[in-house]
Amino acid sequence: MDTGESDHGSGPRGERAAGRRALAVALAGTLGLAVLGATLVFVPGVVVDHDLGGASVAAQDRLKAVADVRTALLQAVGGMVVLFGAYATWRQLRVSQDTLRATQEGHVTDRFSTAVDQLGSDKLETRIGGLHALWRIAEHSARDREAVVSIQAAYLRTHLPWPPDRPDAPAADLSINDVVPLEVRAADAQVALTGLGVLLLQPRENSWVNLGGTDLRRADCDGLWLHEVNLDRSCMEGAGLYHANLRQSSLVSANLRHADLTTAILRRARCVLADLRGARLAETDLRDADFTEADLREANVRKADAGGAVFHRADLRLADLRGTDLSAADLLQARLTGALASEHTRWPAGFDPVAAGVVVIEDPGPEPPPLLQPPGITTRHPPLRTMP
């Protein structure tokens, strides 16, 4: 009963308040018009009489002077109205922009939350849809890009740990030829990896991305931008990294056996203790990279640019170094027995390749075009002669 009376009483009070506001606005408008009318009627005559200073003039001249003053006043009022209208329009535009921005932010937040929820789904297609949604959000929203990159990296670390700990993951000691390509065995992880390698092309607040200890065997990373990515202790055996950008990345103790790094960029990368046996590094940019104690046995390093690269105690036995530029490389205590070289291989000043056990043979000529090479994820890799 009390609630009903309160509701009944509030309606008329609200209507009366609205009526009073409307009446006040009407009165203010009427008063403003009256003041404006009075100003236009009386002020011009006062101004003219003041300027004349009591001097007598013809009535026609006085009327003309009053009309000129009234015209000037009307122009001033008109200018003020225009300025006020412009200001009101600008304010309305700002309010509209703020409202639109808030609406858009709300939509992005809703899409972001929905996409993150989809990552926990039991259905593969739902998880892939969530990853694509996050990818799209990051491309259009710079504010959310860093969060999306972090989510994608965490998704890969948690779904593809190395060594593998999931019953459906291929065993750690399984031959690489028996490992199913990543895009087949974990399509959602491949989508996350591809999205990460594309988003890292765009400006971000933070530089380093953590993918350390990740199982990326036979992953498709061709052409991806993996600049300043931490891949320490990750397994990338048989991965396709053709023309990938790994500049300044960290690959300490990473497994890159049989990886295809043809024409990739490894400039200033840290490959200390990395396993690169049988890897393809033809025409790769290795300048200033650190291969201290790395295993490069049977690796194809033909025509690579290794200027300034460090090979302290690196194992380069049976590696193909034909046409490789090692003129500014550090080969201190590097093992080169059985490595292949040609007349186009460039060595550091004073270095004797024959004394180091290098075999000089004929240069193979230009490298085959990439279109004639099989995709890295489908290549059948021959067993290494240097195993284990």
Side-chain angles (χ1 to χ4, degrees), residues 221-222 236-247 249 251-252 254-348 351-354 356-370 373 376 379 381-382 384-387:
C221 306
D222 290 349
M236 305 180 74
E237 187 174 4
L241 291 153
Y242 174 81
H243 209 61
N245 190 329
L246 290 155
R247 184 186 178 111
S249 292
L251 295 153
V252 176
N255 182 350
L256 287 156
R257 285 197 299 263
H258 296 295
D260 184 5
L261 290 148
T262 305
T263 70
I265 299 174
L266 282 164
R267 189 171 186 181
R268 291 202 291 272
R270 296 185 68 240
C271 301
V272 178
L273 296 170
D275 188 350
L276 288 148
R277 281 176 288 177
R280 282 178 284 177
L281 296 152
E283 299 182 321
T284 301
D285 185 355
L286 305 177
R287 288 176 293 172
D288 301 315
D290 188 356
F291 291 94
T292 300
E293 298 189 40
D295 194 342
L296 289 143
R297 287 177 288 174
E298 303 181 56
N300 177 3
V301 199
R302 290 198 300 262
K303 298 178 177 59
D305 186 354
V310 177
F311 293 96
H312 284 172
R313 298 181 297 278
D315 196 341
L316 289 156
R317 290 177 293 172
L318 303 179
D320 192 344
L321 302 172
R322 288 178 289 178
T324 304
D325 185 0
L326 294 161
S327 58
D330 188 344
L331 296 172
L332 181 64
Q333 299 181 20
R335 303 167 71 181
L336 290 156
T337 304
L340 302 179
S342 68
E343 68 276 11
H344 297 298
T345 303
R346 301 176 62 187
W347 300 99
F351 183 81
D352 187 353
V354 176
V358 175
V359 179
V360 179
I361 62 175
E362 185 178 355
D363 194 84
E367 294 297 312
Q373 299 177 359
T379 300
H381 303 287
L384 294 169
R385 292 172 288 169
T386 53
M387 290 295 288

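In this text the structure is predicted, and so the values were computed from the model without any measurement.
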Contacts of A264 meeting side-chain contact (heavy atoms from CB on, under 4.5 Å) (sequence neighbours excluded), chain-then-number -> L261, T284

Pairs flagged by side-chain hydrogen bond (donor to acceptor under 3.5 Å, both in side chains) wherever residues 329-343 is involved - sequence neighbours left out: H312-D330, S342-D363

Of all heavy-atom pairs linking A244 and C221, the shortest is CB-O, 3.6 Å

Once salt bridge (charged side-chain N to carboxylate O under 4.0 Å, His left out) is applied, do any residues pair with R287, and if so which ones, sequence neighbours excluded? D285, D305

Partners of A269 by side-chain contact (heavy atoms from CB on, under 4.5 Å), sequence neighbours excluded? L266, C271

Pairing residues for D290 by the side-chain contact (heavy atoms from CB on, under 4.5 Å) criterion, not counting sequence neighbours: V272, T292, V310

Min side-chain heavy-atom separation T262-E367 under 4.5 Å: no

Set of residues satisfying side-chain contact (heavy atoms from CB on, under 4.5 Å) with respect to V360, sequence neighbours excluded: none

Nearest 0.5 Å, please: how far is CG in L340 from CD1 in I361? 4.5 Å

Measure the spacing between CG of L256 and CG of L276 and express it to the nearest 0.5 Å. 5.0 Å

Look only at the side chain of S327 and the backbone of W347, and say whether a donor-acceptor pair between them is shorter than 3.5 Å. no

For R270, check side-chain hydrogen bond (donor to acceptor under 3.5 Å, both in side chains) against everything at least two apart and list the hits. none

Thinking salt bridges, do R257 and E237 make one under a 4.0 Å N-O criterion? yes

With R322 via salt bridge (charged side-chain N to carboxylate O under 4.0 Å, His left out) - residues at least two apart: D320

Taking only residues two or more places apart in sequence or in another chain, which ones pass salt bridge (charged side-chain N to carboxylate O under 4.0 Å, His left out) with R346? D325

How far apart are the closest heavy atoms of K303 and G365, and which atoms are they? NZ-O, 2.8 Å

Measure from the side-chain N and O atoms of E298 to the backbone N and O of T386, and report whether any donor-acceptor pair falls under 3.5 Å. yes

Ring pair (Phe, Tyr, Trp, His ring centres under 6.0 Å) contacts touching residues 255-302 (sequence neighbours left out): H258-H381, F291-F311

According to side-chain hydrogen bond (donor to acceptor under 3.5 Å, both in side chains), who are the partners of R247, at least two apart in sequence or on a separate chain? none

By salt bridge (charged side-chain N to carboxylate O under 4.0 Å, His left out), E293 pairs with (sequence neighbours left out) R313

